[in-house]
Asker: 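Before anything else, here's the structure in question.
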Amino acid sequence: MARNSVLILAFTSLCIGSALADWNILNQRIRRHAVKDSLKTYCESWRINVELNNIREFEVVPQECIDHIKKYMTSSQYKADSQRAIEEVKLYSSGCCSLAGDGKDAWIFDVDDTLLSTIPYFKKHGFGGERLNVSSWEAWMKESKAPALEHTLHLFHEIKNRGVKIFLVSSRRETLRSYTVDNLIHVGYHGWTSLELRGLEDEYKKVQQYKAQVRKRLVKEGYRIWGVVGDQWSSFEGLPKPKRTFKLPNSMYYLS
């Protein structure tokens, strides 16, 4: 009996020792790093698939990825990705377009997160982790304080100075026209041909339908749309198709 007790005690001590050996600070740090790396990989995969238009119609950024999206949208990588897209626009536009000089060569830009940055707004609203509150967002737009995206500002003037007509096609409502114009001019945009905003007749249309109808009208008026720059896939979808499209990164929200 005494011998059995000793054996049981020895076996229990061995198990406890093994458990303690397994649970040590180094192992816990390794596991935490593994979980952190796994989450980072997951969230970066989610972000990339948003940009590829594989993930659609999302209303909020996954809670576990909010910090990842925040870090990306405020990082030098976001700026580098945007700048690379703009460089591709410049490369294309420098040799693509046989301008007729008849005033019918056209280029389309989106406004939010293409010409103007909404990052200051989303810094206060969870970088997409909160469901978009239209009233709050439009109240912020009325302040006319959105900063310019510098790389797009330079592109805007470069294309305009070639004699191409610039059309700004935004999903903003018509009621925001004066605030939008003031904001654009204040940060350095001027000389566009037309600013297209959603009227009452567009309220219940999907963004992609509304923007496609604007392109259709422009083509009917004789314009040749050489390219479209935007941060949402809804800026490009539908007919007629522009000759080229260029997508800027934005994984904070989705407009269809």
Side-chain angles (χ1 to χ4, degrees), residues 43 46-47 50-51 53 55-74 78 82 108-149 152-153 156 167-189 192 194-215 228-238 247-256:
C43 291
W46 183 88
R47 187 189 71 78
V50 167
E51 300 297 349
N53 206 27
I55 295 175
R56 306 180 182 186
E57 307 289 348
F58 67 90
E59 295 185 349
V60 294
V61 172
Q63 290 297 305
E64 63 271 27
C65 295
I66 293 173
D67 190 57
H68 182 82
I69 298 303
K70 172 185 176 181
K71 288 178 179 178
Y72 173 75
M73 293 301 296
T74 56
Y78 164 72
S82 299
I108 293 175
F109 286 92
D110 188 7
V111 174
D112 292 306
D113 295 301
T114 298
L115 300 182
L116 302 175
S117 174
T118 68
I119 288 178
Y121 173 82
F122 282 97
K123 278 183 178 179
K124 299 177 180 179
H125 296 275
F127 283 90
E130 301 175 9
R131 185 170 295 181
L132 188 61
N133 184 311
V134 175
S135 297
S136 172
W137 201 20
E138 290 189 344
W140 178 80
M141 290 174 178
K142 288 179 180 179
E143 296 176 4
S144 301
K145 293 181 179 179
L149 289 167
T152 320
L153 176 60
F156 172 95
F167 291 86
L168 310 184
V169 183
S170 173
S171 59
R172 290 189 180 198
R173 297 179 185 178
E174 180 63 39
T175 53
L176 294 168
R177 177 172 295 275
S178 62
Y179 307 105
T180 303
V181 170
D182 288 348
N183 198 158
L184 288 165
I185 292 175
H186 178 71
V187 298
Y189 295 101
W192 61 81
S194 178
L195 170 62
E196 302 287 335
L197 301 176
R198 300 178 75 176
L200 289 175
E201 69 277 11
D202 303 312
E203 282 290 316
Y204 298 102
K205 295 175 184 176
K206 284 196 168 186
V207 174
Q208 65 183 57
Q209 180 186 6
Y210 150 70
K211 292 193 173 185
Q213 287 177 349
V214 172
R215 294 198 303 273
V228 178
V229 180
D231 68 297
Q232 298 287 318
W233 284 96
S234 53
S235 293
F236 317 128
E237 294 173 333
K247 170 78 167 62
L248 297 178
N250 181 5
S251 44
M252 296 184 296
Y253 57 88
Y254 187 96
L255 298 177
S256 61

Asker: Step through the shown structure and confirm whether more than 12 heavy atoms of other residues, nucleotides or ligands are within 6.0 Å of NZ on K123.
Answerer: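 No, NZ of K123 has 12 or fewer neighbouring heavy atoms, counting only those of other groups under 6.0 Å.
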Asker: What is the minimum heavy-atom distance between F58 and S251, and which atoms define it?
Answerer: CZ-O, 3.9 Å
Asker: Does any pair with a residue in residues 137-147 pass side-chain hydrogen bond (donor to acceptor under 3.5 Å, both in side chains), and if so which ones, sequence neighbours excluded?
Answerer: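 Sorted pair list: E138-R173.
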Asker: Minimum heavy-atom separation for K205 and E201, please, with both atom names.
Answerer: CE-O, 3.4 Å
Asker: Do you know which two heavy atoms are closest between G230 and D110, and how far apart they sit?
Answerer: CA-CB, 3.8 Å
Asker: Check this for me, if you would: do E203 and R198 make a salt bridge, where the nitrogen-to-carboxylate-oxygen distance has to be below 4.0 angstrom?
Answerer: no
Asker: If we ignore hydrogens and angles and just use 3.5 Å, is the side chain of N183 paired with the main-chain N or O of A146 as donor and acceptor?
Answerer: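 Yes, the answer is positive, given that a donor and an acceptor are paired below the 3.5 Å cut-off.
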Asker: For N53, which residues count as a side chain to side chain donor-acceptor pair (under 3.5 Å) partner, sequence neighbours excluded?
Answerer: E237, Y254
Asker: Any donor-acceptor pair under 3.5 Å linking the side chain of T152 with the backbone of T114?
Answerer: yes
Asker: Side-chain donor-acceptor contacts of residues 60-69 below 3.5 Å, not counting sequence neighbours, with atom names and distances?
Answerer:
residue	atom	partner	partner atom	Å
Q63	NE2	G129	O	3.1
D67	OD2	K71	NZ	3.2
H68	NE2	E44	OE1	2.8

Asker: Whether the side chain of K206 engages the backbone of S256 through a donor-acceptor N/O pair (distance < 3.5 Å, no angle test) should be reported.
Answerer: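 Flag not set: sc K206 to bb S256 has no pair under 3.5 Å.
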Asker: Using the test ring-ring contact (aromatic ring centres under 6.0 Å, His included), find all partners of F167 that sit at least two apart in sequence or belong to another chain.
Answerer: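 Testing F167 for ring-ring contact (aromatic ring centres under 6.0 Å, His included), a comparison that skips the adjacent residues, returns Y223.
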Asker: Should the pair R172-D112 be classified as a salt bridge under the 4.0 Å nitrogen-to-oxygen rule?
Answerer: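 Looking at D112 together with R172, the answer is yes, because their closest N to O distance falls below 4.0 Å.
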Asker: Looking just at side-chain N and O atoms, do S235 and K211 make a donor-acceptor pair shorter than 3.5 Å?
Answerer: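 Indeed, the side chains of S235 and K211 share at least one donor-acceptor pair under 3.5 Å.
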Asker: Of all the heavy-atom pairs spanning A148 and L153, show the shortest one and how long it is.
Answerer: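 Heavy atoms of A148 and L153 come nearest at CB-CD2, 4.4 Å.
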Asker: Go through the structure and list residues passing ring-ring contact (aromatic ring centres under 6.0 Å, His included) with Y189, not counting sequence neighbours.
Answerer: F156
Asker: Donor-acceptor pair, distance only, cut-off 3.5 Å: does the side chain of S234 make one with the backbone of L255?
Answerer: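 Yes.
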Asker: What are the two closest heavy atoms between F127 and M252, and how far apart are they?
Answerer: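 Scanning both residues, the minimum pair turns out to be CD2-SD, 3.9 Å.
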Asker: Under the ring-ring contact (aromatic ring centres under 6.0 Å, His included) rule, what do Y253 and F122 come out as? Steps first, then yes or no, please.
Answerer: CA-CA 10 Å; Y253 57 88; F122 282 97; 5.3 Å; yes
Asker: Given 3.5 Å as the limit, does a donor-acceptor pair link the side chain of N133 with the main chain of S136, or not?
Answerer: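 Answer holds: yes.
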Asker: Determine whether a donor-acceptor pair (N or O, by modelled atom type, separation under 3.5 Å) exists between the side chain of D202 and the backbone of G199.
Answerer: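 Looks like yes, one N/O pair under 3.5 Å.
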Asker: When you look at V229 and L248, which way does the side-chain contact (heavy atoms from CB on, under 4.5 Å) test go after all the steps?
Answerer: CA-CA 7 Å; V229 180; L248 297 178; 4.0 Å; yes
Asker: S170 and side-chain contact (heavy atoms from CB on, under 4.5 Å): which single residue from L176, L197, V214, L115 fits?
Answerer: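 It is L197; the other options fail the test.
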Asker: Run the ring-ring contact (aromatic ring centres under 6.0 Å, His included) test against H125 and tell me which residues pass, sequence neighbours left out.
Answerer: Y121
